[in-house]
2 protein chains.
Amino acid sequence: MAAAPASSNLQVVGGGAKAAAQESPCDDCAIRETSVCEVLDPPQLARMRAIATILRLEPGATLFQESDPAEHLCNVVEGAVKLYKLLPDGRRQITGFLFPGDFLGVALNKSYAYSAEAMTNVRLCRFSRNKLEGLLTELPNLERRLLEVAGNELVAAQDQMLLLGRKTARERLASFLLMVSRRAAARGRPASPVDLPMSRSDIGDYLGLTTETVSRTFTQLKKQGTIGLPSQSKVDILKRAELEEIAEAG
Amino acid sequence: MAAAPASSNLQVVGGGAKAAAQESPCDDCAIRETSVCEVLDPPQLARMRAIATILRLEPGATLFQESDPAEHLCNVVEGAVKLYKLLPDGRRQITGFLFPGDFLGVALNKSYAYSAEAMTNVRLCRFSRNKLEGLLTELPNLERRLLEVAGNELVAAQDQMLLLGRKTARERLASFLLMVSRRAAARGRPASPVDLPMSRSDIGDYLGLTTETVSRTFTQLKKQGTIGLPSQSKVDILKRAELEEIAEAG
DNA sequence: CGGTTCATTGATTCGCGTCAATGCAGGTGG
DNA sequence: CCACCTGCATTGACGCGAATCAATGAACCG
């Protein structure tokens with residue numbers, strides 16, 4: 001870990017607007033065109049930047065825990081984050097994975113409905129909820145954009161309910177691989193081979209399966225030639241049409 | 001069904017503002033205090049009413065199908081509606097139940113992400129999406145309220161993912177009964193006995209289970225004295241604390 | 001009062017979970 | 001540079017919870 005010796009998991013590199021402007025001026029922000037910021041004109045963007053702080057996290061670092069007061073919202077600039085809920089006995093459901101350009105906390109609720117943890121080195125652009133809510137009133141296009149993002153998340157959540165409630169293990173994994181591939185493509189990265197920054201057990205907890213079942217199902221799809229597994233964290237989508245067929249029915 | 005004899009499943013009783021004002025003037029609307037309308041002051045409410053149409057549906061009537069262009073949004077005024085998604089082979093996942101005061105279509109997407117069907121006689125207050133989106137710009141408090149509602153739905157969706165991905169049949173049914181009870185109470189109705197307007201198979205498709213499993217689990221909870229089943233569609237919550245314990249862990 | 005629809009109950013099956021062992025890659029220190 | 005350790009992935013044997021298949025029962029309706 002080059003930059004700063006880890007004193008805590010949550011390191012603020014610089015503080016406030018100045019640091020943000022220094023470290024990541026919006027001008028050459030890699031995710032500007034895909035994040036919520038895309039709807040802002042230059043003066044509006046300046047106002048967003050003024051309340052933003054850049055944050056770096058190491059793999060495994062916790063951003064916040066379920067039921068913590070929701071003080072911050074963020075844009076993921078780089079890296080990958082997982083969101084999850086726990087039952088008292090430790091069972092876990094991962095409710096989402098965030099990649100660069102994704103927005104964390106659209107719900108605008110008083111407290112977080114899930115915990116969030118960095119899966120890789122992560123760079124975030126963070127806003128205080130209060131300040132952002134204040135800005136919303138003055139930037140109606142941003143508010144409209146948040147509503148749009150919330151709508152997209154709702155649609156994704158409903159797809160996930162269908163997956164969790166009614167799909168088989170094969171169908172779940174196929175759907176998952178296609179989702180990751182599509183989202184990679186949306187960020188301008190190759191749709192295949194797909195990079196999986198999460199462990200098998202994370203995938204299981206996202207799909208409502210066990211590690212073992214995920215692993216077995218990977219092997220099965222590989223044996224039938226639908227996918228290739230060049231490494232543990234890479235998946236070649238060899239027959240996309242077949243994968244889509246599996247994802248949608250049997 | 002006093003007002004109009006049923007000629008089709010989808011009956012518009014009167015058209016436009018006048019009819020709406022006649023049949024259900026917002027002044028004595030039963031759900032005004034709990035629906036999205038609660039944030040509107042009288043002049044704003046008048047503008048909402050001006051774009052509203054009252055609609056009545058019979059049990060089993062389809063409001064719209066998944067992937068239809070999303071032309072309308074509605075408030076449920078009376079009755080109960082189910083939302084669901086289908087897989088090509090007919091497997092179904094119910095993604096939500098709507099009761100009076102609930103808003104249908106917060107997502108504001110171009111097309112519906114699910115089908116919607118009336119479970120009982122239903123009264124709706126319907127808005128054209130275009131007109132409502134136009135109004136949003138002029139009623140920022142309404143837009144903020146929609147964002148809030150969308151946030152609540154996201155939280156509920158995440159809870160449902162935890163349920164579908166990680167809970168046992170017992171835990172699912174317990175969670176379901178508590179949810180219905182809580183929502184009834186929020187509308188000022190008794191928290192017990194709870195009224196279930198949906199069939200066992202609807203409950204199954206909501207919880208990711210079969211009819212048979214739902215039925216067996218009802219019987220089991222009844223045998224152990226946690227609930228009572230005075231009729232098919234009524235559930236007495238005899239030991240709420242016990243039900244809550246079951247819902248949250250084992 | 002017979003027919004239809006839905007809920008319940010029972011017998012059996014099966015997909016996935018559980019438990020357990022082995023394999024494999026990356027990191028560390030001798 | 002290699003032996004070892006550690007954490008993760010894979011594979012196998014077995015069991016269980018819920019699905020499936022099938023029959024019966026209960027409520028509603030014309």
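Nothing here was measured: the structure is a model prediction, and the numbers come from that model.
Separating the CG atom of B:Leu173 from the P atom of C:dA7 is a distance of 13 Å, rounded to the nearest angstrom. Summarising the geometry, the separation between CD on B:Gln220 and C1' on D:dA18 is reported as 12 Å, rounded to the nearest angstrom. Between the CG atom of A:Leu229 and the C1' atom of D:dA9 there is a distance of 11 Å, given to the nearest Å. For B:Lys234 and C:dC6, the NZ to C1' distance is 17 Å, given to the nearest whole Å. Distance NZ (B:Lys222) to C1' (C:dT9): 13 Å, rounded to an integer number of Å. Going from atom CZ of A:Phe218 over to atom C1' of D:dT10 covers 12 Å, rounded to whole Å. Whole-Å rounding puts the B:Arg91 CZ to D:dA19 C1' distance at 13 Å. Across the protein-nucleic acid pair, B:Asp205 atom CG and C:dC6 atom P stand 13 Å apart, rounded to whole Å.
For the pair B:Ser215 and C:dA7, the criterion of a side-chain N or O lying under 4.0 Å from OP1 or OP2 is not met. The shortest distance between the side-chain N/O atoms of A:Thr219 and the OP1/OP2 oxygens of D:dT11 is below 4.0 Å.
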Please table the atom pairs, donor to acceptor, closer than 3.5 Å between any side-chain atom in residues 208-216 of chain A and protein atoms at least two apart or in another chain.
from, atom 1, to, atom 2, distance (Å)
A:Thr210, OG1, A:Thr213, N, 3.2
A:Thr210, OG1, A:Thr213, OG1, 3.1

Quiz: residues 68-77 of chain A side-chain donor-acceptor pairs under 3.5 angstrom, not counting sequence neighbours:
from, atom 1, to, atom 2, distance (Å)
A:Asp68, OD2, A:Gln65, N, 3.0
A:His72, ND1, A:Arg126, NE, 3.4

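With hydrogens and angles disregarded, no donor-acceptor distance shorter than 3.5 Å links the side chain of A:Glu248 to the backbone of B:Pro88.
By the side-chain contact (heavy atoms from CB on, under 4.5 Å) test, A:Ala186 pairs with no residue at all, sequence neighbours left out. A:Asp102 pairs by the salt bridge (Lys or Arg N to Asp or Glu O under 4.0 Å) definition with A:Arg183, not counting sequence neighbours. With sequence neighbours excluded, no residue forms a side chain to side chain donor-acceptor pair (under 3.5 Å) with A:Asn152. Residues satisfying the side-chain contact (heavy atoms from CB on, under 4.5 Å) test with A:Val180, not counting sequence neighbours, are A:Phe176, A:Val194, A:Leu196. Listed by chain and number, the residues in a side chain to side chain donor-acceptor pair (under 3.5 Å) with A:Arg189 amount to none (sequence neighbours excluded). The side-chain contact (heavy atoms from CB on, under 4.5 Å) search around A:Leu86 returns A:Tyr84, A:Arg92, not counting sequence neighbours. Qualifying side chain to side chain donor-acceptor pair (under 3.5 Å) partners for A:Arg200, counting only residues two or more places apart in sequence or in other chains: none.
The closest side-chain donor-acceptor pair between A:Lys85 and A:Ser115, if any, does not fall under 3.5 angstrom.
The bend of the helix from C:dC1-D:dG30 to C:dG30-D:dC1, defined by the angle between the axes of its first five and last five pairs, stands at 30° to the nearest 10°.
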Could you write nucleotides 25-30 of chain D as a row of B, S and -, 5' to 3', where a protein heavy atom under 4.0 Å of any base atom gives B, of only sugar-phosphate atoms gives S, and otherwise -? ------

Where protein sits on nucleotides 15-21 of chain C, one letter per nucleotide: B base, S sugar-phosphate only, - none, heavy atoms under 4.0 Å: -SSBB--

